[in-house]
Amino acid sequence: MTTQLDLTDALQEFFVAARRARGRAASKPDAEGLSLAQYHLLEPLGAGPRTNRELAEQAGISAPTATRMIDGLLQRELVSRLEDPIDRRAVVISLTESGRAALGRKSRATRKVRERIAAAIEPHEQEFATELLRRLAAVMEEL
């Protein structure tokens, strides 16, 4: 019988494995050089323009870090930055066509990784795993 201690140990193993996998992915940008961190910053732009603050918040990074990353993406012409028409103190970041293409390629690559992970779970376990992962995600968002 599994105990709560067994579960907390398993969670620790999972978090360590996830952190290592993220580190490996971060060290290998795709052919165009879009890193995992840049992908997470750009991902919300697929739904439309965002402020720097919104992007930082959604990527889980500080606003100054997001600004530095955006500056690099601007130089590569993957994003554009315009004054916010509502709040002149803010700027709005948008994907360029090149940025949208790079985001699409990276999205497809990350989806393949998720599909590979999901395929490792037996079909009869997938429904339970789906429910459990969604509950764990909700709990983690509350922390």
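No hydrogens, no waters, no symmetry mates; every other heavy atom, side chains included, goes into these values. Residue numbers run from 1 in the order of the sequence given.
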Return each pair, listed once, that meets side chain to side chain donor-acceptor pair (under 3.5 Å) where at least one residue sits in residues 6-15; pairs must be two or more places apart or across chains. T3-D6
If we ignore hydrogens and angles and just use 3.5 Å, is the side chain of N52 paired with the main-chain N or O of A63 as donor and acceptor? yes
When you measure from the side chain of T51 to the backbone N and O of V91, does any donor-acceptor pair fall under 3.5 Å? no
Taking all non-hydrogen atoms of both residues, which atom of [X] and which atom of [Y] are closest, and how far apart?
X	Y	answer
L41	A56	CD1-N, 4.4 Å
L45	S94	CD1-C, 4.4 Å
Q58	P44	OE1-CB, 2.7 Å

When rounded to the nearest 0.5 angstrom, what distance separates [atom1] in [X] from [atom2] in [Y]?
X	Y	atom1	atom2	value
T130	I121	OG1	CD1	7.5 Å
L73	S35	CG	OG	8.0 Å
Q126	L133	CD	CG	11.0 Å
L95	R50	CG	CZ	10.0 Å
L42	I93	CG	CD1	10.0 Å
R108	L103	CZ	CG	9.5 Å

Establish whether L5 and L11 are linked, either directly or via other cluster members, by ILVMFWY side-chain heavy-atom contacts under 4.5 Å. no
Using side-chain contact (heavy atoms from CB on, under 4.5 Å), reason through R100 and E97 one step at a time and then give a plain yes or no. CA-CA 5 Å; R100 189 166 301 283; E97 285 194 35; 5.7 Å; no
Show, in sequence, the C-alpha distance, side-chain angles and deciding distance for K106 and Q38, and conclude whether the side-chain contact (heavy atoms from CB on, under 4.5 Å) test is met. CA-CA 10 Å; K106 192 68 167 188; Q38 290 168 331; over 6 Å; no
Contact list for residues 119-131, test salt bridge (Lys or Arg N to Asp or Glu O under 4.0 Å), sequence neighbours left out: E131-R135
Which residues pass the side-chain contact (heavy atoms from CB on, under 4.5 Å) test with L74, not counting sequence neighbours? I70, D71, V79, R81
Under a 4.5 Å cut-off applied to non-hydrogen side-chain atoms, are R19 and R22 in contact? no
Could you walk me through whether I61 and M69 pass side-chain contact (heavy atoms from CB on, under 4.5 Å), step by step? CA-CA 10 Å; I61 59 176; M69 290 175 67; 3.8 Å; yes
